Asker: 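I'd like to ask some things about the structure below.
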2 protein chains.
Amino acid sequence: MESRNLRNAGLKVTVPRMKLLELFESSGGKHLTAESIHRQLIEAGEDIGLATIYRALVQFEAAGLVTKHHFEGDHAVFELERGPHHDHIVCIHCGKVEEFCDEVIEARQQEIAGKYGFRLHDHTLTLYGECSDADCTGKNANALTEKKK
Amino acid sequence: MESRNLRNAGLKVTVPRMKLLELFESSGGKHLTAESIHRQLIEAGEDIGLATIYRALVQFEAAGLVTKHHFEGDHAVFELERGPHHDHIVCIHCGKVEEFCDEVIEARQQEIAGKYGFRLHDHTLTLYGECSDADCTGKNANALTEKKK
DNA sequence: ATGTATGCAAAACATTTGCACCTGG
DNA sequence: CCAGGTGCAAATGTTTTGCATACAT
């Protein structure tokens, strides 16, 4: 039940917030933009404002419920925090995103931080490349490659 | 001489572009925002428009002369491309940025990409932590931590 | 009740574009 | 001369805010 997450985060349990969390869970770990979230909820018949999405997202992030990424540069994408840390590898053609976690890299980062006198808090690692999906290049040739509109 | 870089990139050698490159070189590898670049050039008495900065930056990036980063989320920062690849470790308190390159991590990334069927093109790795500078926490306690204004 | 959350519209920003003019080769 | 570059202002796209109203506890 999502209401528990909200309460634990010290947030009031409201309809918009619940709907937002539900959407995230039913999206199966996808990375969503504020815009797409809004569109989907509206299409689902919900009466929710874009501003509310943004406000909720900011709070969810502060509460550690979601993570914000800047894969493309323009709009940010949000992902529901389920489980431990992981990094991403995204296809520059179709925009597909895979998740992974590599112990070797994680450990090395600690060493590097120490070497430079930093106390490591966090990190971002994103690999960009071309995936091998049959329906990638050509059909979905958009996402990061193609610019807006 | 910077004019060579421009010519090699197939770009016309103009005053604004030269000034921009000069600023980058005299900034000692710092990461600059379009806004700060503009401000500095204006203060230096140059008559240059913000739009020109952005246009030049886009071309420079395409030409591989500069690299664009999104450390904070809002405005992007640009860095002059001098030498081989490297990643960053930035202080969440004072915003200080150190550069590093780790062969172990680089190699591991290739393996991971292969494991997921991706042909690796590029990557971004940024570590966030607290540096050990004496004048860090307190004085320069801004940068990433504090929000704008 | 009552402090928060929400929707809407307007504001704030960073970045891009249209256009007439200027400039480098 | 002429394609490409530039400044300015207006346009965009995204995210934030102000405010009166609605809601959770």
Side-chain angles (χ1 to χ4, degrees), chain A residues 1-21 23 31-39 41-42 44-63 65-66 68-78 144 146-149, chain B residues 1-21 31-39 41-42 44-63 65-66 68-78 146-149:
Chain A
M1 182 177 266
E2 296 92 4
S3 60
R4 177 142 297 284
N5 295 320
L6 288 174
R7 237 180 286 277
N8 287 339
L11 296 173
K12 204 172 277 187
V13 179
T14 67
V15 175
R17 287 172 183 168
M18 290 294 278
K19 293 297 177 185
L20 181 37
L21 279 186
L23 195 172
H31 298 77
L32 311 170
T33 66
E35 184 61 52
S36 73
I37 291 172
H38 184 233
R39 183 162 8 87
L41 289 179
I42 289 298
E46 298 303 326
D47 177 26
I48 188 172
L50 222 201
T52 302
I53 306 287
Y54 277 106
R55 278 187 282 232
L57 250 16
V58 167
Q59 299 168 310
F60 286 10
E61 191 192 9
L65 292 176
V66 303
K68 189 179 186 179
H69 297 290
H70 292 279
F71 295 154
E72 302 158 57
D74 291 57
H75 46 287
V77 293
F78 296 81
L144 281 58
E146 170 184 307
K147 271 303 168 188
K148 55 201 63 176
K149 209 161 292 171
Chain B
M1 182 177 267
E2 298 91 5
S3 60
R4 177 141 297 283
N5 296 320
L6 287 176
R7 238 181 287 278
N8 288 339
L11 296 173
K12 201 174 277 187
V13 180
T14 67
V15 175
R17 287 172 183 169
M18 290 294 278
K19 293 298 178 187
L20 181 36
L21 279 185
H31 298 76
L32 311 170
T33 67
E35 184 61 51
S36 74
I37 291 171
H38 184 231
R39 183 162 8 88
L41 289 179
I42 289 298
E46 298 303 326
D47 176 26
I48 188 172
L50 222 202
T52 301
I53 306 286
Y54 277 107
R55 278 186 283 233
L57 250 18
V58 167
Q59 299 169 309
F60 286 10
E61 190 192 11
L65 292 175
V66 303
K68 189 179 186 179
H69 297 289
H70 292 276
F71 296 154
E72 302 157 56
D74 290 56
H75 47 285
V77 293
F78 296 81
E146 170 184 308
K147 273 302 167 188
K148 53 201 62 174
K149 207 163 296 172

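Not measured: the values here are computed from a predicted model. Naming convention: chains lettered A, B, ... in sequence-line order (proteins, then strands); numbering from 1 in each chain.
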Asker: Under 4.0 angstrom, heavy atoms only, what part of the nucleic acid is A56(B) near: base, sugar-phosphate, or nothing?
Answerer: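 Counting heavy atoms under 4.0 Å across all strands, no contact is made by A56(B).
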Asker: What is the distance, to the nearest angstrom, from the CD1 atom on I48(B) to the P atom on dC21(C)?
Answerer: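 Going from CD1 in I48(B) over to P in dC21(C) covers 21 Å.
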Asker: Can you check each nucleotide of nucleotides 18-25 of chain D against protein heavy atoms at under 4.0 Å and return B for base, S for sugar-phosphate only, - for none, in 5' to 3' order?
Answerer: B-----SS
Asker: Between NZ of K68(A) and CD of E61(A), what distance do you get to the nearest 0.5 Å?
Answerer: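 That separation rounds to 5.5 Å.
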Asker: What's the CG-P distance between L57(B) and dT17(C), to the nearest Å?
Answerer: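 Value for this atom pair: 15 Å.
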Asker: How long is the line joining CD1 of I53(A) and P of dT14(D), in whole Å?
Answerer: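 Taking atom P of dT14(D) as the reference, CD1 of I53(A) is at 15 Å.
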Asker: Checking H38(B) now: which residues fulfil side chain to side chain donor-acceptor pair (under 3.5 Å) with it, not counting sequence neighbours?
Answerer: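 Listed in chain order: nothing, the list is empty.
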Asker: So, does Y54(A) get its side chain near the phosphate of dT15(D), meaning an N or O under 4.0 Å from OP1 or OP2?
Answerer: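 Checking dT15(D) against Y54(A), a side-chain N or O does come within under 4.0 Å of OP1 or OP2.
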Asker: Could you tell me the separation between the CE atom of M18(B) and the C1' atom of dG5(D), rounded to a whole number of Å?
Answerer: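 One finds 15 Å between C1' of dG5(D) and CE of M18(B), rounded.
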Asker: Within this structure, what is the NE2-to-P distance between H38(B) and dT15(C), rounded to whole angstrom?
Answerer: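 Checked: the NE2 to P distance equals 13 Å.
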Asker: In whole Å, what is the span from the NE2 atom of H70(A) to the P atom of dA14(C)?
Answerer: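 Nearest whole value for this atom pair: 14 Å.
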Asker: Starting at atom NE2 of H75(B), determine the distance to atom C1' of dG13(D), rounded to an integer number of angstrom.
Answerer: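 Distance check: H75(B) NE2 to dG13(D) C1' gives 18 Å.
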Asker: In chain order, what residues pass the side chain to side chain donor-acceptor pair (under 3.5 Å) check against T14(A), with sequence neighbours excluded?
Answerer: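 Residues passing side chain to side chain donor-acceptor pair (under 3.5 Å) with T14(A): none at all.
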Asker: Working to the nearest 0.5 Å, report the span between CG of L23(A) and CD1 of I37(A).
Answerer: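 Between L23(A) CG and I37(A) CD1, I get 6.5 Å after rounding to 0.5 Å.
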Asker: What side-chain donor-acceptor pairs closer than 3.5 Å can you find for residues 51-59 of chain A, not counting sequence neighbours?
Answerer:
unit_1 : atom_1 : unit_2 : atom_2 : d
Q59(A) : OE1    : R17(A) : NH2    : 3.2

Asker: Can you identify which nucleotide, out of dT15(C), dA5(C), dT14(D), has its nearest atom closest to the A34(B) side chain?
Answerer: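 Closest of the options to the side chain of A34(B): dT15(C).
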Asker: The side chain of D47(B) is closest to which nucleotide in this list: dC8(D), dT15(C), dT6(D)?
Answerer: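 Of all the options, the side chain of D47(B) is nearest to dC8(D).
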Asker: What residues form a side-chain contact (heavy atoms from CB on, under 4.5 Å) with V13(A), not counting sequence neighbours?
Answerer: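 side-chain contact (heavy atoms from CB on, under 4.5 Å) list for V13(A), sorted by chain: S3(A), L6(A), R7(A), M18(A).
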Asker: Quick one: side chain to side chain donor-acceptor pair (under 3.5 Å) partners of H75(B), sequence neighbours excluded?
Answerer: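 H75(B) satisfies side chain to side chain donor-acceptor pair (under 3.5 Å) with no other residue.
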Asker: Over how many whole Å does the gap from L50(A) atom CG to dT14(D) atom C1' extend?
Answerer: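 Atom-to-atom, L50(A) to dT14(D), this comes out as 9 Å.
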